[in-house]
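Remarks on the structure that follows.
Throughout, a chain's letter reflects where its sequence line sits, starting with A, and its residues are numbered from 1. Because the structure is a prediction, the values reported are computed rather than measured.
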Protein chains: 2
Amino acid sequence: MARTAGSHSADTAPRIRAAAQRLFAQHGYAAVSMRQIAAEVGVQVGALYNYTSDKQSLLFDLMVVHLEDLLDALPEPDTAAGPMQALDEFVRFHIRFHAARPEEVFIAYMELRNLSPENFAAVESLRRLYEDRLTAILDAGQARGVFRVADTRVATMAIIAMLTGVNTWFRETGRLSLSEVEAIYGDMTRRLVAG
Amino acid sequence: MARTAGSHSADTAPRIRAAAQRLFAQHGYAAVSMRQIAAEVGVQVGALYNYTSDKQSLLFDLMVVHLEDLLDALPEPDTAAGPMQALDEFVRFHIRFHAARPEEVFIAYMELRNLSPENFAAVESLRRLYEDRLTAILDAGQARGVFRVADTRVATMAIIAMLTGVNTWFRETGRLSLSEVEAIYGDMTRRLVAG
DNA sequence: GTCTATAGTCTGATAGAC
DNA sequence: GTCTATCAGACTATAGAC
């Protein structure tokens, strides 16, 4: 595959993605200029528009890929194992996945209002699919009498908020290891829903 | 008290505050211009600088006043009543206070990275004081054997994240009333820490 | 206290050379 | 595919008239 004249690097596209992600997470979408992104990549601003139609779709792509990765990576519950183990697996997965991607998570939560209405709707429906996976676990546990929850939808929102909150304070170099944190949150979540 | 020549309204200051709060919450600090704020108030942009030294201190003031109000409004635990009741009161207070101030809460969480380093430190120390109030309740309950928590600091962060998350989905016109929500979260929190 | 005018800089996006 | 140059407008903050 011959390079087009003037092409200096075959992987400009992922480098633009990475630069946008880093800068959006650090300064916020609205505060970052296309020129800043170009400088981080090492190209001039005009070159960015070979890879993205505009700044908005740079943000939208980051969010969609993140949420699609999240949905793809979430393990299917082992129906033979029961709801309690499914819940435990969800908790550990959520914490591990989110701790590994602090920038993506930050952007996905903080920049929702900078999406166009259509893009916002698309992102929200992906997020809703993820929430539904936890609600299904809670409903199954409730039906079998393993869980006793006043409202599975409210419990879903409560648990996800609690788990995602880990990203606001957890540091690799901190007092607790990630697996200790997983264990503590696993315990808290079990107690939250136990029948 | 005579009006200065050219003064059209004695309460321009609070109207600037209100406009900044509304616009920052809706569009984000970085996306809002001083001209937009001035237009919302009904003055020209130059007039704003009679009331604020710059855009940054507009944001900082909103956050500080919000957090000071929060700390002032938080009831002192009734030491005779015991930790379980203190926890319940904290939960209900937190949900009620935050539900009543969605804009302030949104700004206080989303715009931290737009604070200057000194302003960020000041805001973080106020937030820390609030967190400490919950940690103290958990420590007291732990000491008396009423609570059984693996780590009171982690439980503090988990509970506050869970409670604050209510603001992302609760609507006055929704399926549940605010007092129903308070009751559900009160129950979940008790189970989270129960000994 | 509010106005208008302005300084100096930055913005997203495009056109056309190479 | 990347570059330079450019458009048309917006930005924060200030100065000085009233």
Next item on the list: Respond yes when some side-chain nitrogen or oxygen of B:T12 is under 4.0 Å from OP1 or OP2 of C:dT2, and no when none is.
Entry: yes
Note to self: Among residues at least two apart in sequence or on other chains, which ones pass ring pair (Phe, Tyr, Trp, His ring centres under 6.0 Å) with B:Y185?
What the structure shows: none
Next item on the list: Mark up nucleotides 10-15 of chain C, 5' to 3', with B wherever a protein heavy atom is under 4.0 angstrom from a base atom, S wherever such an atom reaches only the sugar-phosphate, and - elsewhere.
Entry: -BBBB-
Note to self: Once side chain to side chain donor-acceptor pair (under 3.5 Å) is applied, do any residues pair with B:E103, and if so which ones, sequence neighbours excluded?
What the structure shows: B:Q21
Notebook entry, point to check: In whole Å, what is the span from the CG atom of B:N50 to the P atom of D:dA13?
Noted result: 14 Å
Margin query: Can you list everything that forms a ring pair (Phe, Tyr, Trp, His ring centres under 6.0 Å) with B:F93? Sequence neighbours excluded, please.
Written below: B:F97
Checklist line | By side chain to side chain donor-acceptor pair (under 3.5 Å) - contacts of A:E89 (at least two apart) | finding: none
Notebook entry, point to check: Within less than 4.0 Å of OP1 or OP2 of D:dT2, is there a side-chain N or O belonging to A:Q44?
Noted result: no
Residues 67-77 of chain A side chain polar contacts: donor-acceptor under 3.5 Å, at least two apart:
none

